[in-house]
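Input: a single structure, listed below in structure tokens.
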Amino acid sequence: MVELNIDIKNEQQKARDEIKKQGFRVLVCAGTGCVANGSLQIIDKFRELGADVSVMTDYDKITIVPTGCHGFCEQGVLVNFPDLDLTYVKVRLKDVEEIYDALKNHKIVERLLYTDPHTGEKIHKSEDINFYAKQTRTALANCGEMNAECIDEAIAKRGYEALSNVLKQNDPNAVIEEITKSGLRGRGGGGFPTGLKWKFTAANRGGKSYVVCNGDEGDPGAFMDRSVMEGDPHKLLEGIAIAAFAIGADEAYIYVRAEYPLAIKRLKIAINQAEERGFLGDHIMGSDFNLKIHIKEGAGAFVCGEETALMASIEGERGMPRPKPPYPANKGLFGRPTLINNVETLANVPVIMLKGADWFSSMGTEKSKGTKTFALTGEVNNTGLIEIPMGTTLREIVFDIGGGIRNGKKFKAVQIGGPSGGCLTEEHLDIPMDYDNLIQAGAMIGSGGLVVMAEDTCIVEVARFFMNFTQNESCGKCVPCREGTKNMLKILKKIVGGKATMKDLDLLEEIAHTIKDGSLCGLGKTAPNPVLSTLKYFRDEYIAHIKEHKCPAGVCAAMKKVVIVEELCKGCTKCARNCPVDAISGELKKPHHIDQSKCIKCEACLKGCPFKAIVLE
């Protein structure tokens, strides 16, 4: 055992005492999504009114606490009153004075309560809202519950206690054993066993080594890591410190894309605070362990999510993948042994070390332990950030947590894992969501993006969208990815444009397998996944586009036909006057006609018809 000069239990008690002095706390979401909805102005207004503490007769003081993301993005801005077990949703600046008046009179603003879409019930507590009820928060446990820019709030929630325990025990191998026993797997997409990766890197202990935190969250619609960095940065720093101690590193980098300015700001604040308090820097807590953490801002290249490209970017080179082996555990950043984990993986580490491997492994499935965060977006009623035990079914995610499909539409599919993932259909609604089951289904968890699609979504257009993204983001180093994605995109454009043949479809599939087998890095190898998985489950939609020149979802513009219903047309000539290409002809007060060879499907006639006589077929 090592004697430390910081008594973490004493620090916790002091922090909790300071929070008690804040009196009545008002937690206002200040994550990126709510900031975009005006939460900073709402916070300023609350503070302006809260200056007169007499409005709250039961408290001597009111403290407005800007927090990280609460997760329920669909309902932002969220305002929570912990002492009252009360949460308001969709709060706007104009609502603040009404909220204060209600508090003053010990009343509730009913219209700002969450309304259950199925029962119509008004719900006061966050934990009773269906969106939160089935979640189990580990990495996200403190997000939305504290001021992310105040280290005392992190300490009050047992921040740095796990690091203190680790340093006292002074046994790096015991740390690795505990992480291995927990069954934690990499949350960045690959699902590689975390303890095994730490063991491989620690085998080179003795010289210079590094820890790299991958915060380059590039998947469209993914914002899990951003929310951790914005809402609980000290948990991430503690996870990095424990990892560095375990492998014998004294230097670490957090690689964050520059499009995350709020995350970068709060990480910098957290690092400075931790260094001032002796939780980072030299002789941490009085031990012999030293750690310097740097922040590297990425330029937004999707390929830098791949670990070797990320390291090249940190080194000041162009972010391009390198062949493996050698693996980073042996030769990584600046040629030294390097441990690379993503944000969510490292955020789980302090909780595992506090509560134990057995606690963590009690959640999830046999081969996929613990919880996983997902960004739930698309055609679902409750969009937002969720964290659920591994093995939760897609049905529970979409219809219980997500509240079902918007506007009563029918569920069609889910694109999981972004451009590197795949498509799940109705037949997959009841499979347990974990690494192995999803791979068997032709998809992958990826970083955790979940885009829900309804019946009126064109699957071919979705595949084209993701291929367009991947092709734009290809670094161009290897031919299969550089040229293959370009040609796949070209064929997909032909299909949605109504100009493809069945030979094109065969070629599309052939190129996809070539890219998968021949690309240099993992991003290239997974680039064809959205196409291959949609071909597997929705081939009939591709064929309909090609053979019937018809988009079953009615989305693809090239497949649309603008027609005039003669029985409804009054011959007012407004459509002919609005048409920019003179495709409409007819006499006054007689039905008009559209020349399909001239029509550019701009829909100007449809939008301007006062009799609704023009329709899309």
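Quick note: numbers below take in every heavy atom, side chains included, and nothing from hydrogens, waters or symmetry partners.
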Inset, instruction - Decide yes or no on side-chain hydrogen bond (donor to acceptor under 3.5 Å, both in side chains) for Thr308 and Glu306, but give the supporting numbers first. - result: CA-CA 6 Å; Thr308 60; Glu306 196 277 336; 2.5 Å; yes

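- Judged by distance alone, with hydrogens and angles left aside, the side-chain atoms of Ser182 form no donor-acceptor pair with the main-chain N or O of Ser361 at under 3.5 Å.
- The aromatic rings of Phe81 and Tyr88 sit perpendicular to each other, their planes meeting at more than 60°, with 30° as the lower class boundary.
- Within the 4.5 Å cutoff, no side-chain heavy atoms of Lys367 are placed close to those of Pro193.
- Listed for the Glu153 side chain is no donor-acceptor partner under 3.5 Å among the backbone atoms of Met146.
- Side-chain atoms of Glu230 never come within 3.5 Å of backbone atoms of Gly31 as a donor-acceptor pair (strictly under, hydrogens ignored).
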Inset, instruction - Carefully, step by step, assess Glu217 and Tyr260 under the rule side-chain hydrogen bond (donor to acceptor under 3.5 Å, both in side chains). - result: CA-CA 10 Å; Glu217 192 171 43; Tyr260 285 0; 2.8 Å; yes

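- Residues Glu344 and Val228 fail the side-chain proximity criterion, which asks for heavy atoms closer than 4.5 Å.
- With respect to the salt-bridge test (charged N to carboxylate O, under 4.0 angstrom), the residues Arg185 and Asp436 qualify.
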Inset, instruction - Go through the steps to decide whether Asp17 and Gln13 satisfy the test side-chain hydrogen bond (donor to acceptor under 3.5 Å, both in side chains), and finish with yes or no. - result: CA-CA 6 Å; Asp17 290 342; Gln13 190 56 54; 3.0 Å; yes

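- Side chain of Asn341 to backbone of Leu346: no donor-acceptor contact under 3.5 angstrom is found.
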Inset, instruction - Show the numbers, then the answer: is there a side-chain contact (heavy atoms from CB on, under 4.5 Å) between Ser164 and Met285? - result: CA-CA 7 Å; Ser164 175; Met285 300 187 191; 3.7 Å; yes

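- By the 6.0 Å and 45° rule, Lys208 stacks over the aromatic ring of Tyr210.
- Contact check for Ile284 versus Phe245: no side-chain heavy atoms found under the 4.5 Å cut-off.
- In this structure, Lys181 pairs ionically with Asp358, as a charged nitrogen and a carboxylate oxygen lie closer than 4.0 Å.
- By the 4.5 Å heavy-atom criterion applied to side chains, Met363 and Thr136 are counted as neighbours.
- The closest donor-acceptor contact from the side chain of Ser209 to the backbone of Arg205 lies at 3.5 Å or more, if one exists at all.
- The aromatic rings of Phe131 and Phe72 sit parallel, their planes meeting at an angle under 30°, below the 60° perpendicular limit.
- The pair Asp152-Arg277 meets the salt-bridge criterion, with a side-chain N (NZ, NE, NH1 or NH2) lying under 4.0 Å from an Asp/Glu carboxylate O.
- In terms of modelled atom types and a separation under 3.5 Å, the side chain of Glu161 and the main chain of Leu354 share no donor-acceptor contact.
- No more than 12 heavy atoms of other residues, nucleotides or ligands shown are found within 6.0 angstrom of CD on Glu366.
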Legend entry - Pair Thr87-Ser126, side-chain hydrogen bond (donor to acceptor under 3.5 Å, both in side chains): steps then yes or no: CA-CA 6 Å; Thr87 296; Ser126 291; 2.6 Å; yes

Inset, instruction - Step by step, work out the side-chain contact (heavy atoms from CB on, under 4.5 Å) result for Leu450 and Ile397. - result: CA-CA 10 Å; Leu450 270 177; Ile397 295 172; 3.8 Å; yes

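- Glu149 and Arg266 are joined by a salt bridge, as a carboxylate oxygen and a charged side-chain nitrogen come within less than 4.0 angstrom of each other.
- Note: His234 and Tyr160 have perpendicular aromatic rings, judged against thresholds of 30 and 60 degrees for the angle between ring planes.
- A salt bridge does not link Lys134 to Glu127: none of the charged side-chain nitrogens sits closer than 4.0 Å to a carboxylate oxygen.
- Residues Ile242 and Ile179 have side chains not in contact (no heavy-atom distance under 4.5 Å, counting atoms from C-beta outward).
- For the pair Asn214 (side chain) and Asn342 (backbone), a donor-acceptor distance under 3.5 Å is absent.
- Checking side-chain atoms of Glu387 against main-chain N and O of Ala139 turns up a donor-acceptor pair under 3.5 Å.
- Checking side-chain atoms of Thr63 against main-chain N and O of Arg25 turns up no donor-acceptor pair under 3.5 Å.
- Under the 3.5 Å distance criterion, the side-chain polar atoms of Asn80 are matched with a main-chain donor or acceptor of Leu86.
- The local environment of CG in Asp288 is sparse, with at most 12 non-hydrogen atoms from other residues, nucleotides or ligands closer than 6.0 Å.
- In this structure the side chain of Cys213 reaches within 4.5 angstrom of the side chain of Val343, judged on heavy atoms.
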Inset, instruction - Report the C-alpha separation of His124 and Leu113 in whole Å, then their side-chain angles, then the decisive distance to 0.1 Å, and conclude whether the side-chain contact (heavy atoms from CB on, under 4.5 Å) test is met. - result: CA-CA 6 Å; His124 291 217; Leu113 295 175; 3.6 Å; yes

